[in-house]
Amino acid sequence: MLHRFYVNPILPAQNGDRARAFYRDVLGLDLLSGPSDDPMVFGAAGGSTIALSEIPDRVPPSYPIISFMVTGLEELVATLKARGANFQPPSPASFGGAEGKVEGDIIDFGQVKSAFLRDPEGNVLALNEFMG
C-alpha cells in the first residue's frame with residue numbers, strides 16, 4: 001500500500017542555522033525550502049530529499065539514519081573532510097557475513113565500502129559504495 005508514496009526522512013536539529021549551513025555548505029545539498037524555514041528541506045539526486053526540524057531537546061541515535069549511495073568514496077571522504085566534515089573512526093564490524101577491513105575513515109566489506117560521519121547536530125550519516 002505505501003509503495004506508491006514518497007519517503008522523506010526527517011532528522012532532528014538542535015540548532016537550525018548550524019544544521020542548514022552544514023547540509024548546504026559542507027555536504028553541498030540543494031536547499032529547497034526558504035532560507036530560514038523550519039522544517040528545512042534539502043534535495044539530492046533522483047528527487048530524494050532530507051528534512052531537518054529544530055528540536056532543541058532531541059538526542060539523535062548513535063547509528064546511521066540516512067545512507068547516501070555514492071561512487072568514488074575515497075575521493076568523496078577527502079573532499080568532505082576538507083570542507084569540515086567529521087568522520088567517525090570505523091569500528092570492526094561485518095556486513096553480509098564479511099568482516100570489514102578498516103582503511104583510514106573507510107571500512108571495506110568487499111561488496112560494499114562505508115564511511116560514517118556526524119552532522120553538527122549529532123546525527124550519523126552513512127556513505128556507502130557498492131563495489132563491482
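Both backbone and side-chain heavy atoms feed into the values below; hydrogens, waters and symmetry mates do not.
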A.B. asks: Which value, rounded to the nearest 0.5 Å, describes the distance between Leu11 atom CG and Met40 atom CE?
C.D. replies: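 Separation between the atoms: 10.0 Å.
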A.B. asks: Look at the side-chain heavy atoms of Ile, Leu, Val, Met, Phe, Trp and Tyr, link any pair under 4.5 Å apart, and say whether Ile55 and Val59 land in one connected group.
C.D. replies: no
A.B. asks: Hydrophobic cluster membership, with links at side-chain heavy-atom distances under 4.5 Å among I/L/V/M/F/W/Y: are Val77 and Phe109 in one?
C.D. replies: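 No, it is not one cluster - the side chains of Val77 and Phe109 are not joined through contacts under 4.5 Å.
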A.B. asks: Please name the pair of heavy atoms, one in Gly43 and one in Thr49, separated by the smallest distance, quoted to 0.1 Å.
C.D. replies: CA-CG2, 4.3 Å
A.B. asks: Give the C-alpha distance, both sets of side-chain angles, the deciding distance and a yes or no for side-chain contact (heavy atoms from CB on, under 4.5 Å) between Gln111 and Phe130.
C.D. replies: CA-CA 6 Å; Gln111 62 185 1; Phe130 284 106; 5.6 Å; no
A.B. asks: Salt bridge between Glu99 and Lys101, side-chain N to carboxylate O under 4.0 Å?
C.D. replies: no
A.B. asks: Can you find a pair of side-chain heavy atoms, one from Asn123 and one from Ile66, that are under 4.5 Å apart?
C.D. replies: no
A.B. asks: Please report the closest heavy-atom contact between Leu52 and Asp38, naming both atoms and the distance.
C.D. replies: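 Leu52 and Asp38 have their closest heavy atoms at O-OD1, 3.8 Å.
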A.B. asks: Test of understanding: clusters of I, L, V, M, F, W, Y form through side-chain heavy atoms closer than 4.5 Å, transitively. Do Val124 and Leu117 belong to the same one?
C.D. replies: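 Val124 and Leu117: separate clusters.
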A.B. asks: Return yes if some donor-acceptor pair links the side-chain N/O of Ser33 with the main-chain N/O of Val41 below 3.5 Å, else return no.
C.D. replies: yes
A.B. asks: State the CG-OG1 distance between Leu127 and Thr71, to the nearest 0.5 angstrom.
C.D. replies: 11.0 Å
A.B. asks: Taking side-chain hydrogen bond (donor to acceptor under 3.5 Å, both in side chains) as the criterion, tell me which of Asp105, Asn128, Asp108 meets it with Ser114.
C.D. replies: Asn128
A.B. asks: For residues Ile107 and Leu80: do they belong to one hydrophobic cluster (side chain heavy atoms under 4.5 Å, members Ile, Leu, Val, Met, Phe, Trp, Tyr)?
C.D. replies: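 In one cluster: no.
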A.B. asks: Give, for atom CZ of Phe116 and atom CG of Asn86, the distance between the pair rounded to the nearest 0.5 Å.
C.D. replies: 16.0 Å
A.B. asks: Taking all non-hydrogen atoms of both residues, which atom of Arg118 and which atom of Gly122 are closest, and how far apart?
C.D. replies: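 Nearest heavy atoms, Arg118 then Gly122: NH1-O, 2.6 Å.
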A.B. asks: Are Ile50 and Asn8 side-chain neighbours, meaning at least one heavy-atom pair lies under 4.5 Å?
C.D. replies: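 A side-chain contact is absent here, since even the closest heavy-atom pair is not under 4.5 Å.
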A.B. asks: Where the side chain of Glu129 meets the backbone of Gly72, is there a donor-acceptor pair that is under 3.5 Å apart?
C.D. replies: yes
A.B. asks: For the atom pair CZ (Phe87) and NZ (Lys81), what is the distance rounded to the nearest 0.5 Å?
C.D. replies: 7.5 Å
A.B. asks: Would you give me the side-chain donor-acceptor pairs under 3.5 Å for residues 14-26, sequence neighbours excluded?
C.D. replies:
residue, atom, partner, partner atom, Å
Gln14, NE2, Arg58, O, 3.2
Asn15, OD1, Asp17, N, 3.2
Asn15, OD1, Arg18, N, 2.8
Asp17, OD1, Arg20, NH1, 3.1
Arg18, NE, Glu121, OE2, 2.6
Arg18, NH2, Glu121, OE1, 3.0
Arg18, NH2, Glu121, OE2, 3.3
Arg20, NE, Pro35, O, 3.1
Arg20, NH2, Asp37, O, 2.9
Tyr23, OH, Asp119, OD2, 2.7

A.B. asks: Same cluster for Leu73 and Val102 if Ile/Leu/Val/Met/Phe/Trp/Tyr side chains link at under 4.5 Å?
C.D. replies: no
